[in-house]
Amino acid sequence: MALSNTIRAVAFDLDNTLWDVDPVIARAEELWMQWLRENCPRITERLRLEDLRAARMQLAAREPHNAHDMTYLRIASLAQHARECGYDEGIAEAAFEIFITARNQLETFPDVRPGLQTLRARYALASLSNGNADLRRIGLADFFDVSLNARDVGAAKPDRRCFERLAQELHLEPHEVIYVGDDPLLDVQAARLAGMSTAWMNRTRQVWPATVAPADINVADCLDLAGKLGA
């Protein structure tokens with residue numbers, strides 16, 4: 001039986017699957033740091049961007065139950081720095097709004113909108129991300145029936161609970177969902193272990209790792225995916 005005959009929903013990873021995330025995060029953190037320099041300079045006099053990142057990692061290690069939640073880690077760690085530097089911890093929320101606004105000011109890959117439009121004619125669409133991108137702010141929310149991130153689930157990929165929650169929200173069995181992502185382990189292997197079909201989004205012509213079983217299909221972009229799924 002053709003894969004497209006068994007699939008009722010297509011679910012996507014977001015970062016590096018629908019857009020290039022590295023320059024987006026770099027710009028968001030630059031604006032975040034600029035805001036901190038202007039509004040609470042004692043923090044940036046003590047701490048570089050690398051120090052702030054390290055503090056978030058340390059917080060995640062101390063609170064493993066919150067390690068999946070990028071939003072919590074950024075706000076809570078900065079609130080601690082604020083207290084230590086004699087500022088009201090409320091500045092952490094204000095600073096986060098600067099970051100998250102910039103984090104969602106991005107350009108999708110050019111194939112994304114036409115590809116989603118084509119797929120949506122035949123399949124339910126969903127997203128599942130470990131990050132804190134906001135599809136409504138980005139302008140993609142209307143394409144998707146279900147949108148989940150690690151904070152919603154209470155766990156991060158590759159945790160099986162992420163994919164189980166995704167299938168539940170879609171009201172489908174896992175084998176009726178194909179999960180599409182760029183990461184061989186967090187996306188493809190993890191979704192397969194949860195019972196889903198898989199597609200590897202290989203935009204940059206990477207070599208598949210020899211130690212990982214391949215995805216059901218490999219695609220170059222969303223229009224290629226739509227074609228291979230007969231949309």
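Residue numbers start at 1 and run along the sequence shown. Given the structure is predicted, the values throughout are model-derived calculations rather than measurements.
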| Minimum heavy-atom distance I217-L225, with the two atoms named | CD1-CD1, 3.9 Å
| What heavy-atom pair brings D187 and F163 nearest, and what distance separates the two atoms? | O-CZ, 4.3 Å
| field | Straight-line distance of L223 CG to D111 CG, nearest 0.5 Å | value | 5.5 Å
| query | Counting only heavy atoms not in E107, do more than 12 sit closer than 6.0 Å to its CD atom? | reply | no
| task | Measure the spacing between NE2 of H68 and CZ of R161 and express it to the nearest 0.5 Å. | result | 8.5 Å
| query | Looking at M70 and N130, what are the two nearest heavy atoms and their distance? | reply | CG-O, 4.0 Å
| request: Would you name the heavy atoms of W208 and A215 that are closest together and state the gap between them? | output: CZ2-N, 4.1 Å
| request: Could you state whether L73 and L52 fall into the same hydrophobic cluster, counting links through intermediate Ile, Leu, Val, Met, Phe, Trp or Tyr residues with side-chain heavy atoms under 4.5 angstrom apart? | output: no
| Is V177 reachable from L229 through a run of I, L, V, M, F, W or Y residues, each pair having side-chain heavy atoms under 4.5 Å apart? | no
| field | Name of the residue among R56, R48, R103 meeting salt bridge (charged side-chain N to carboxylate O under 4.0 Å, His left out) with E29 | value | R56
| request: Using a strict cut-off of less than 4.0 Å between a Lys/Arg side-chain nitrogen and an Asp/Glu carboxylate oxygen, indicate whether R203 and D182 qualify as a salt bridge. | output: no
| query | Does a side chain donor of either R137 or T101 reach within less than 3.5 Å of an acceptor in the other side chain? | reply | yes
| message | Could you walk me through whether E84 and Q80 satisfy the side chain to side chain donor-acceptor pair (under 3.5 Å) test, starting with their C-alpha distance in whole Å, then the side-chain angles of each, then the deciding distance to 0.1 Å, before giving a yes or no? | response | CA-CA 6 Å; E84 292 169 350; Q80 179 178 342; 3.1 Å; yes
| With the threshold set at 4.0 Å, does a side-chain nitrogen-carboxylate oxygen contact exist between R136 and D134? | no
| request: Locate the shortest heavy-atom distance separating D145 from A124; write the atom from each residue and the value. | output: OD2-CA, 3.4 Å
| request: Identify whether W19 and L119 are in the same connected component of the hydrophobic contact network (ILVMFWY, side-chain heavy atoms under 4.5 Å). | output: yes
| said: Just verifying a value: how many Å separate L125 CG and Q117 CD, rounded to the nearest 0.5 Å? | reply: 9.5 Å
| message | Grouping I, L, V, M, F, W and Y whenever their side-chain heavy atoms are under 4.5 Å apart, do F144 and M201 come out in a common cluster? | response | yes
| query | Within a strict 4.5 Å, meaning less than it, do heavy atoms of the L49 and W32 side chains meet? | reply | yes
| Taking atom CZ of R27 and atom CG of L106, what is their separation to the nearest 0.5 Å? | 10.0 Å
| Taking the side chain from R122 and the backbone from G230, do they hold a donor-acceptor pair closer than 3.5 Å? | yes
| task | Decide whether L172 and L193 are clustered together by the hydrophobic rule: side chain heavy atoms of Ile, Leu, Val, Met, Phe, Trp, Tyr closer than 4.5 Å, transitively. | result | no
| field | Side-chain heavy atoms of L78 within contact of I43, under 4.5 Å | value | yes
| remark: Heavy-atom closest pair (L140 atom, L116 atom, distance to 0.1 Å) is CD2-CD1, 4.5 Å
| task | With rounding to the nearest 0.5 Å, note down the distance linking CG in D20 to CG in D15. | result | 9.5 Å
| Electrostatic pair K157-D183, nearest N-O below 4.0 angstrom | no
| Quick one: CG on L18 to CG on D221, what's the gap to the nearest 0.5 Å? | 11.0 Å
